[in-house]
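Right, one structure below, let's go through it.
No experiment lies behind these values; they were computed from the predicted model shown. If you read the sequence from its start, that first residue is 1, and numbering goes on from there.
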Amino acid sequence: MDALATFFGQTQIAAGLLIGMGALGTAIGFGLLGGKFLEGAARQPEMVPMLQVKMFIVAGLLDAFTAIATAIAILLLYANPLVSAVKGG
């Protein structure tokens, strides 16, 4: 029973790290993305529509990374496939 409690505790820590680091990485990515978009728009204003489309594509990919990390964290918390191995059966 002690091994199972340790397993669930470590799983909760892993889920917290997945969600937290995913959010932190996305926040840093959005900051860099927005800054580079503004620099590009200031240098070549006629390229703004093309740059804006590319910025939104990359923003969607950044959001997808966070959504995938959150989905994996929820899977680990509520439907962990390794529980049966820890229980010994």
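- Members clustered with I57: V53, by chain and number, using a 4.5 Å side-chain heavy-atom cutoff among hydrophobic residues.
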Donor-acceptor list for residues 15-24 side chains, cut-off 3.5 Å, not counting sequence neighbours:
none

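- Residues in residues 13-41 take part in these side chain to side chain donor-acceptor pair (under 3.5 Å) pairs, two or more places apart or across chains: T26-T66.
- Cluster partners of L38 are F30, L33, F37, M47, V48, M50, L51, M55, F56, V58, L62, counting Ile, Leu, Val, Met, Phe, Trp and Tyr whose side-chain heavy atoms approach within less than 4.5 Å, directly or via other members.
- Listed by first and then second residue, the side chain to side chain donor-acceptor pair (under 3.5 Å) pairs involving residues 4-14 amount to none (not counting sequence neighbours).
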Could you tabulate the donor-acceptor pairs under 3.5 Å formed by side-chain atoms of residues 72-83, not counting sequence neighbours?
| from | atom 1 | to | atom 2 | distance (Å) |
| --- | --- | --- | --- | --- |
| N80 | OD1 | L82 | N | 3.0 |
| N80 | ND2 | L76 | O | 3.4 |

